[in-house]
Amino acid sequence: MSDSSTRLELVQLGCERDDRMLFSGLSLTARAGEIWQITGANGAGKTTLLRILVGLHGFFEGERRWWQPQWQQDLLYLGHQPGVREELNPLENLRYACALNHQAGDPMAALAAVGLRGFEDVPAAHLSAGQKRRVALARLWLQRKAVWVLDEPYTAIDQDGVAQLDAQMQQAAEAGSLVIYTSHHRVGDGVQRLHLENGRAEVVS
Amino acid sequence: MSDSSTRLELVQLGCERDDRMLFSGLSLTARAGEIWQITGANGAGKTTLLRILVGLHGFFEGERRWWQPQWQQDLLYLGHQPGVREELNPLENLRYACALNHQAGDPMAALAAVGLRGFEDVPAAHLSAGQKRRVALARLWLQRKAVWVLDEPYTAIDQDGVAQLDAQMQQAAEAGSLVIYTSHHRVGDGVQRLHLENGRAEVVS
Amino acid sequence: MLGSPRYFYTFSSRVLPWLTPIALLTLAAGLVWGLAFAPADYQQGNSYRIIFIHVPASSGALMGYMALGVSGLVAVVWRMKMAEVMLKSIAPFGAALAAISLVTGALWGKPTWGTYWQWDARMTSMLILLFMYVGVIALQAVIRDPRQAARAAGLLAMVGVINVVIVKYSVEWVQTLHQGSTLKMFGESTIDPAMKYPLLLSMLGLWLLYAVNVLLRARTEVLWRERRSKWVSKRVKEGEH
Amino acid sequence: MNTFRAALGRELLVLWRSPAEIINPLFFFVMVISLFPLAISPKPELLATVAPGVLWVAALLAVMLSLDGLFRRDQESGVLDMLLTAPVIPVVPVLAKLLAHWLLTGLPLVLISPLLGHMLQLPDGALGTVMLSLLLGTPALTIVGAIGAALTVGLNRGGILLAVLVLPLYIPVLIFGAGAVSAAAGGANVGGILAILGALLALTISLGPLAVSAGLKISSGN
Amino acid sequence: MNTFRAALGRELLVLWRSPAEIINPLFFFVMVISLFPLAISPKPELLATVAPGVLWVAALLAVMLSLDGLFRRDQESGVLDMLLTAPVIPVVPVLAKLLAHWLLTGLPLVLISPLLGHMLQLPDGALGTVMLSLLLGTPALTIVGAIGAALTVGLNRGGILLAVLVLPLYIPVLIFGAGAVSAAAGGANVGGILAILGALLALTISLGPLAVSAGLKISSGN
Ligand code: HEM
Ligand SMILES: Nc1ncnc2c1ncn2[C@@H]1O[C@H](COP(=O)(O)OP(=O)(O)OP(=O)(O)O)[C@@H](O)[C@H]1O
Ligand SMILES: Nc1ncnc2c1ncn2[C@@H]1O[C@H](COP(=O)(O)OP(=O)(O)OP(=O)(O)O)[C@@H](O)[C@H]1O
Ligand SMILES: [Mg+2]
Ligand SMILES: [Mg+2]
């Protein structure tokens with residue numbers, strides 16, 4: 001059932017929150033090189049699903065299997081919040097993230113790539129909402145990880161940024177990563193879509 | 001210069017933050033029945049401009065003139081944060097907002113209009129990001145105010161919600177309100193656009 | 001086996017019908033014997049009779065916290081659902097017993113020591129035990145997700161059990177350091193068997209009552225948590241209890 | 001007035017929905033008080049001497065810490081912006097908030113204080129003064145602390161910054177409050193001291209809410 | 001180990017950038033201590049008797065309140081999620097955080113304590129014990145308090161819930177810490193008591209960080 005390129009397998013996954021079944025019986029196989037978009041109305045359970053995948057939410061039924069036991073080594077997760085401390089500047093923030101996640105690469109170049117050249121040593125407290133998120137997104141321009149899990153990566157990003165982000169996700173997939181992300185606004189083309197609605201999860205590709 | 005339908009006049013408005021001129025020399029006249037969208041990259045100063053308009057940010061140059069001295073009576077401002085307390089349910093939140101703002105109308109109907117029927121007495125803590133924002137947006141379905149100032153109203157709203165919100169803004173404008181909002185993602189049609197970039201503010205309509 | 005909520009429910013259904021009357025009867029027998037028939041104390045007259053409530057309550061409160069710690073360990077380490085249920089069910093009665101111990105102790109203090117309150121080692125540690133119960137309950141109250149709340153409270157209770165032991169030891173140390181053995185509660189040796197047996201009986205009765213209370217609370221909690229499972233809806237449909 | 005009533009109802013409801021906010025200051029008060037016999041000595045005579053100070057310092061800290069979150073959640077959730085852009089003067093909702101907060105957190109401290117005074121071996125005759133002094137003092141502490149809370153809202157610094165701002169302002173209330181209890185324990189007449197406490201309270205009630213509103217406006221960027 | 005060093009550097013930097021976080025606990029400590037002479041009585045003999053207790057209670061409250069925000073901002077900004085999904089066991093960054101926090105907030109308390117002991121009229125011979133007892137005690141308070149901070153992170157309840165959870169756990173440290181100072185002030189040998197404090201510290205260091213990581217995981221939804 002699972003071949004060498006399988007990265008993630010969900011078997012009969014289900015999650016209940018606040019007396020409501022967010023989804024149940026969710027089974028799927030996601031492979032290297034694929035891009036999965038998770039859609040659904042507000043409150044459908046997208047964020048919860050991503051948190052289950054990366055191991056932040058432990059109350060669920062069914063099984064979630066990553067391709068290797070040490071999957072966290074090769075995971076890049078960006079949550080709703082950018083993971084940027086306001087006391088530190090973008091460079092310091094990025095360096096810490098890299099050290100923690102054992103991610104190699106050139107932080108300066110990555111910050112330049114997301115349009116923060118010149119802001120490297122401005123304390124993040126003085127950045128706008130979107131600029132803060134760009135600091136987090138800079139990790140996508142560093143050493144590529146095998147799996148990307150991104151919660152609403154387009155939030156607060158302006159239009160040029162969105163296009164650039166799209167391109168970067170495409171490129172990662174072509175290079176063999178599995179990209180999973182949520183978004184309301186844009187329906188990507190050429191991506192697999194998992195739609196959450198009324199407690200059901202359906203693949204609409 | 002200002003006729004009876006003028007609602008807002010900005011004269012040589014300028015604002016500096018963190019040693020950076022966000023915008024300067026911004027003059028414009030906004031009239032009843034108009035919809036203004038403010039665009040600009042992340043950190044351009046959209047939120048700051050709105051906060052100046054509604055009197056939350058007091059450090060600016062130039063002048064901001066509303067059409068009447070008691071303008072706050074007839075203003076509806078929704079900021080970045082939805083203004084919803086998690087301990088209270090949507091109905092209680094909305095009722096408080098109405099009492100504070102002297103806004104009449106049927107809260108139950110407004111909640112139903114934004115798709116929260118059945119959620120009226122669920123504590124807001126149990127709602128998702130988008131659902132919370134919908135509680136705030138419900139005020140747009142109550143007694144109409146002469147001026148709407150909305151900061152990123154589409155944030156976290158799903159696609160049906162976006163269409164509905166567009167329609168509601170159109171309708172308010174037709175009924176004689178002035179609507180001012182910020183958004184990255186959608187460029188509304190038939191709206192006036194004020195674009196902030198590199199310290200300049202330009203009307204692109 | 002008991003780890004399965006469903007099994008627990010059937011099991012407790014079978015146990016409760018006879019455990020409840022036994023608990024009530026034992027407690028009643030102990031109390032009636034102690035309060036009405038045991039001889040009066042030659043020093044304290046009848047005021048000593050409060051012992052029949054005070055000592056069972058005190059020991060029940062202590063045991064309850066130990067049970068809380070064990071449930072905490074099981075819930076946090078083995079993620080067993082029933083242990084989470086227990087964490088929620090054990091705390092309230094235990095806190096109530098700690099409060100009863102304090103109140104009866106204080107009431108007893110007035111005739112014996114002339115004051116309601118002394119910072120005596122045992123009284124102080126019971127007060128702290130009450131605080132620790134409150135901590136567990138407060139934490140559970142503020143966390144919304146019931147499973148998460150139980151696990152958080154479980155971790156706190158585990159740490160708390162270690163603390164109970166150290167507190168008991170250290171509070172006694174303070175007392176011996178600062179003041180001599182002026183305020184000794186009279187030791188067991190002085191208890192005359194006519195007082196001892198009713199005391200043991202009411203102690204046993206109260207513990208059983210505690211167990212009944214925990215089972216009842218746990219059953220409600222289990223039903224609530226599993227309300228969408230088949231076995232619960234079946235039971236509801238059949239009108240079983 | 002209608003706005004005030006709606007605001008008061010809402011504030012009471014918010015507090016009521018999170019009972020921990022009500023219970024916790026009370027427990028904190030009791031706990032801090034019981035730290036002292038352990039840390040100093042359980043000897044009754046010594047305890048009785050330090051009791052007025054201990055009671056008052058504990059009450060002061062409990063009130064102060066309970067204020068830490070007074071405006072925080074309203075600010076984070078955007079309610080504060082709504083309040084400052086609403087067509088009412090902000091003093092109205094601010095007063096409602098202060099009143100609700102004191103009723104549900106300050107008053108319980110006052111009510112339980114005689115019990116704690118007794119546990120600290122204060123003579124029975126002084127317990128009335130314990131209550132009365134706290135009844136006059138805690139509202140003043142609440143209002144003064146709220147000024148600090150208003151100025152620090154949005155800084156997200158936790159209670160300790162608030163403490164540093166507010167503790168110095170608390171000193172007059174502390175001196176007269178603890179002084180009243182000491183005097184009562186010594187059997188002296190406390191009418192005069194309580195009158196001073198009352199005057200301090202009147203002062204804070206008349207000026208405090210204005211200062212709180214001003215603080216909120218400043219914090220929002222004005 | 002590299003990760004630990006990077007994490008420690010980062011934690012020190014974060015604290016260093018917001019000096020208020022470092023200064024405030026120190027000010028709080030000093031202020032609470034100076035409330036007592038005002039609230040109790042400035043009589044030297046009385047002060048000297050209560051000094052060990054007052055010093056220790058103040059230190060305990062200062063440490064506890066400084067911990068309130070230990071994980072809050074990391075949680076709000078999403079750094080905590082990053083930490084829990086990173087390919088390192090969370091104990092590593094947690095230890096770095098605790099160490100940095102103690103170095104920049106606990107240690108200053110220790111260093112300033114002899115001065116305050118002197119102000120409270122403690123005999124000079126006891127001042128060394130004041131420092132030593134706090135040196136052993138404050139790290140234990142930091143670690144135990146961090147367990148509470150981990151369990152309450154994200155609840156956004158302010159310091160008072162933390163206090164209710166953590167104060168009972170602080171009591172053994174308080175008793176032996178204040179006890180050591182009292183004994184030293186009375187001229188007794190304090191070696192034994194300090195050894196007990198050391199044992200308590202060893203216990204918290206060996207189990208505490210694990211409990212803190214477990215608490216963080218539970219708070220995040222596990
Ligand atoms: C609020 C005050 C008091 C508290 C919190 C308290 C607490 C306790 C505790 C924890 C126990 C141990 C129970 C056990 O080990 O199973 C106990 C036992 C006992 N207490 Fe109290 N007590 C208080 C006041 C008093 C007073 C005033 C008296 C009478 C002078 C008293 C007499 C006893 C006796 C006779 C026992 C059983 C003896 C033994 O098992 O060692 N207590 N109490
Ligand atoms: N902290 C929480 N505690 C309890 N239930 C929650 C919590 N957060 C979310 N929920 C519940 O889980 C549901 C799913 O929330 P989730 O955040 O996963 O939705 P989402 O699909 O990401 O929505 P959005 O598009 O608004 O971000 C919500 O409807 C809510 O009922
Ligand atoms: N709290 C603050 N303190 C100081 N400067 C700030 C603060 N918030 C924002 N700024 C500065 O003001 C600039 C404009 O911020 P503002 O929030 O108005 O931008 P925006 O256009 O709303 O951006 P976004 O699209 O990211 O929301 C930022 O680039 C930043 O430098
Ligand atoms: Mg989401
Ligand atoms: Mg903005």
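Proteins get letters first, then strands, A, B, ... in listed order; numbering begins at 1 in each.
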Nearest heavy atoms of [X] and [Y], plus distance in Å:
X: D:Ala39; Y: E:Ala178; result: O-CB, 3.5 Å
X: D:Val164; Y: E:Phe28; result: CG2-N, 4.3 Å
X: E:Met31; Y: D:Leu167; result: SD-CB, 3.6 Å

D:Thr49 and E:Val50, any side-chain heavy atoms less than 4.5 Å apart: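 Not in contact.
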
May I ask you to list the residues in residues 56-64 of chain E that approach chain D closer than 4.5 angstrom, counting heavy atoms only, ordered by number? E:Val57, E:Leu60, E:Leu61, E:Ala62, E:Met64

Which residue is it: D:Leu65, D:Thr105, D:Leu67, D:Leu26? I am looking for the one with a side chain to side chain contact (heavy atoms under 4.5 Å, CB included) to E:Ile160. D:Leu65

When rounded to the nearest 0.5 Å, the distance separating OG of E:Ser182 from CD1 of D:Ile40 is 9.0 Å

Which distance, rounded to the nearest 0.5 Å, do you find between the CG of D:Leu161 and the CG of E:Asn24?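 With rounding to 0.5 Å, CG (D:Leu161) is 5.0 Å from CG (E:Asn24).
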
Taking side chain as everything from C-beta outward and backbone as N, CA, C, O, which of these in E:Leu35 sits under 4.5 Å from a heavy atom of chain D? Side chain, backbone, both or neither.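 The answer is both parts of E:Leu35.
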
Test ring-ring contact (aromatic ring centres under 6.0 Å, His included) applied to D:Phe36 - qualifying residues, sequence neighbours left out: E:Phe36

